Structures are given as structure tokens and as C-alpha cells.
Amino acid sequence: MPDKPTPDTPETLLQVRGLRTDVDTAAGPVPVVNGISFDIRRGETFALVGESGSGKSMTALSILRLLPEAARIAAGSVTLGDRDLLAMPEAAMRDVRGRRIAMIFQEPATSLNPVLTIGHQIIEVLERHTSVRGAAAEERAISLLDSVGVPDARRRVGEYPFQLSGGLKQRAMIAMALAADPDVLIADEPTTALDVTIQAQVLELLRKLQAERGMSILLITHDLGIVSGMAHQVAVMYRGEIVEAADRATFFSAARHPYTRKLFDSLPEALPPAASRQVKDTPAPLLAVRDLKVHFPIRKGLFKHTVGHVKAVDGVSLDLAAGRTLALVGESGCGKTTAGKAIIQLLRGQGAEMDGQVLFDGADLMQLKGEALRSRRREFQIVFQDPYASLNPRMRVAEILMEGMSTLGIGGTSQARHDRVDQLLSQVRSEEHTSELQSH
């Protein structure tokens, strides 16, 4: 249970007691949040830390009553001020979401409406929860985008989510969450898609807003560096339970639970100086990119005449040898993801104008078409930035993996592919990977 507050302790704004959330399965209900309790005080940041699948995000969704269809709250209370959110009718909860409690979702690509501009979506929040209207609302939307580091915010406010990079989508989501000056901000991995420069800018913005408005933050993260710079209180989740809770100083100086100590042990060590690292001769490149350009035309007017171009990638060249790793580094929106998609020829038919050479094992992928290109697909793959937007929600994990193998001619029989799926899930350390075969 949370520590009892002292007279100098800020008032408790959000109180969670005995919260249990079950997911219905064929074998019966499974608790994914299992009887947790904690307090979030006014003006403080409460960090919920743990590995993927520990129940952090489900805790946040339970607080806002935004659970998926198969999940349900089985017990407990969530009190905001003097009101139990779990006992409120849905109509009243709509006034709470966005105004009293706002959330920065982990996956902005699936949280933003693809058919509405970014500005429209921010203005919707303003008009639903504040008195700001019309031109003032548009200017407020531009100001919010600018404050979270969106470049050329006045132009971006009229763009759609598909026109933004992953990092820019995340910043737009943060702007929406802050639009109505919420009392509690739930930030679910708020800087995952951001480069370190913008990450620092966004975290500093959250600290500033918190200080100015007395806003409380529930910070969900696996990054202990962010926890050390942001949190006042820390709780560690493991398998749906809070296994350790402490103030920040105690957490970093005297962690007690074995799982918490494992989290600290998993932190990467600093690399040795470059001069002390062994440098070998570079072998011939497996992938050679020469002067790669990806330009997107800007069209305006009734007849959509081209009036300019966005140079997303403009003359990139690189070599990658077999067995080596090449890091492409840069801030959000600089063209990293576009370059990756262009290299494996995923931008064809999407309005992009491409030029240059992409030589893979001697073949120029830019010149391959139809079956010639499809036959080489199995030799290069991509791990997309946003898994939620990349996986078909109507298919089970096994079906998704086996469909790809079948399309690329991998594995001879259905059973062989099934065995390969089981092996792959084990290799990536998916817990209880056999049961994952039947999960969505």
C-alpha cells in the first residue's frame, strides 16, 4: 500500500485501490492487472516501470475505462478527487477524458484519426472541453504543435497523420493531450519515437507545464533514465502486480526486489572509447546505395498542379557489408524511415519520385519489377516502427507469421511453418510463446 502522507505532502489527486482487470480467454478470465493500489499526488510524477507485458498500459486503460472488448474491470476503485471513476456513467466519463485526465498513447499511428487533419483533431479537443473557438482555436493548435517541437507548425496543422513521420505523429498526440490543460496526464511511453534532442525538449515541456499548472503525471515507461529525471514516486510492475514502490531517491539507492535489481542490471554499459575498439578491414558491401533521392510533389489547385517538392531524402549514399550493422541516426522527420522504405522498394505507387541506385548483392532493386522483385523479397525485410499499425488486428499471431512464410515460399508444409513460428517466438523470448500462437 502507498505510504501515508505527511502534513507537508501534496494532496492525493488520483487514488487507485485494489484494481483488478481480467481478460477473458478460452480457459477462463486471466488477471492482467492484479489488485494494485497507488496514489498520485497533485503536481507530482508517478512512474510505473516494468517490462513489456507487465500490465502498465492496461492499468492506464483501466483508469480511463478504455479497455478492449475482451477485458473488463473485475474489482477495485479509481477515485479522482471525490468521485469513483469506475462507478460513473459513460456519458460522465466523456467529460473526464481529455479534460480532467488526458492520455498520450504509446502508438500515435493508431490513435490519430487518419481522415482528419492534425489541426482539426486538436481543435476538436479544444471545442469539446474549453471555450476556445474559431480562429483562436486554430492559433492555439498551432501554438501547441510549436511547443512540442513540430517544425513549421503553421503548415503542419493542415496535414494528415500519414504525412507525418512517426516522431511527428507522437508530438501531435502530445499536443492533443495537453490542449485542455488536464489535471492528470497519463503518458504511456511518451518519447519512444522521438530522437534524444526532441525527447529532452518534450520532457522539459512536461516538467514546465507540471510546475505551472500543478498537473499530475502518471508516467509509464521502461526507460530508467527518464524515471530518474522525471519521477517523484516509482512503482515497479511485474506480471500484473506492483512488486516494489518507493520515492525516487530510495528506488535508485536501495532497490530491494529481485526483479527491480534485474531492471538495473539490464542497463547497457557505456561503450569503450573509439580508439580502444578493434577495427577490422571492411569487406565488400552486400548493400550499396548511391545518391538515393525520394521527393514528394506538392500539388495545389483544382487540377492539382505540382508547385514544388518535399525532399524527404536527397542524395543519400551508404554501404553495408554482410554481418555488419549500419546505424542511420537523426532527428524525427529527417528522412530515416523514408530512406529505409525506399531501399526495400516500399514507396512505389505512393506518389514518391525516386532516383539513384540501390544495389543488393549486385542487383539494382530500383530497376526490378513484378516477379523479379517479389522473388528477392525474402532476402531483405523491415521491422516497422509501429507494430500496432503493421499487424492485422483480425489475424492471430500464428496466421500473420505463417502468411508471410507462405507468400515468400519459406517452409514446405503447414506443420513445418507452424514449428518455425514456435521457434521464432521462442527466439525473441515471447513468454509462453506456445499460447501466443492463438492470441491476437
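Here the structure is a predicted model, which means the values were calculated and not measured.
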Tell me whether [X] at atom [atom1] has more than 12 heavy atoms from other residues, nucleotides or ligands lying less than 6.0 Å away.
X	atom1	value
R261	CZ	yes
R256	CZ	no
K336	NZ	yes

From [X] [atom1] over to [Y] [atom2], what is the distance, rounded to the nearest 0.5 angstrom?
X	Y	atom1	atom2	result
I104	L178	CD1	CG	6.0 Å
D39	T12	CG	OG1	4.0 Å
I382	T337	CD1	OG1	7.5 Å
T413	R420	OG1	CZ	13.5 Å

Identified salt bridge (charged side-chain N to carboxylate O under 4.0 Å, His left out) counterpart of D183 within the set R83, R100, R41: R100
Expected output: side-chain R65 to main-chain M93 donor-acceptor under 3.5 Å: no
Residue pairs, two or more places apart or on separate chains, that pass ring-ring contact (aromatic ring centres under 6.0 Å, His included) and touch residues 242-265: Y238-Y259, F251-F264, F252-F264
Residue pairs, two or more places apart or on separate chains, that pass ring-ring contact (aromatic ring centres under 6.0 Å, His included) and touch residues 41-71: F38-F46
Please list every donor-acceptor pair under 3.5 Å in which a side-chain atom of residues 137-146 meets a protein atom from a residue at least two apart or in another chain.
| from | atom 1 | to | atom 2 | distance (Å) |
| --- | --- | --- | --- | --- |
| E139 | OE1 | R154 | NH2 | 3.2 |
| E139 | OE2 | R154 | NH1 | 3.0 |

Salt bridge (charged side-chain N to carboxylate O under 4.0 Å, His left out) partners for E403, two or more places apart: none
R207: partners by salt bridge (charged side-chain N to carboxylate O under 4.0 Å, His left out), with sequence neighbours left out: E204
Candidates L64, V16, V96, T79 - the one meeting side-chain contact (heavy atoms from CB on, under 4.5 Å) with L85: V96
Pairing residues for F384 by the ring-ring contact (aromatic ring centres under 6.0 Å, His included) criterion, not counting sequence neighbours: none
Looking only at side-chain N and O atoms, does [Y] offer a donor or acceptor that is under 3.5 Å from a partner on [X]?
X	Y	value
Q423	D419	no
T45	Q210	yes
H222	E51	no

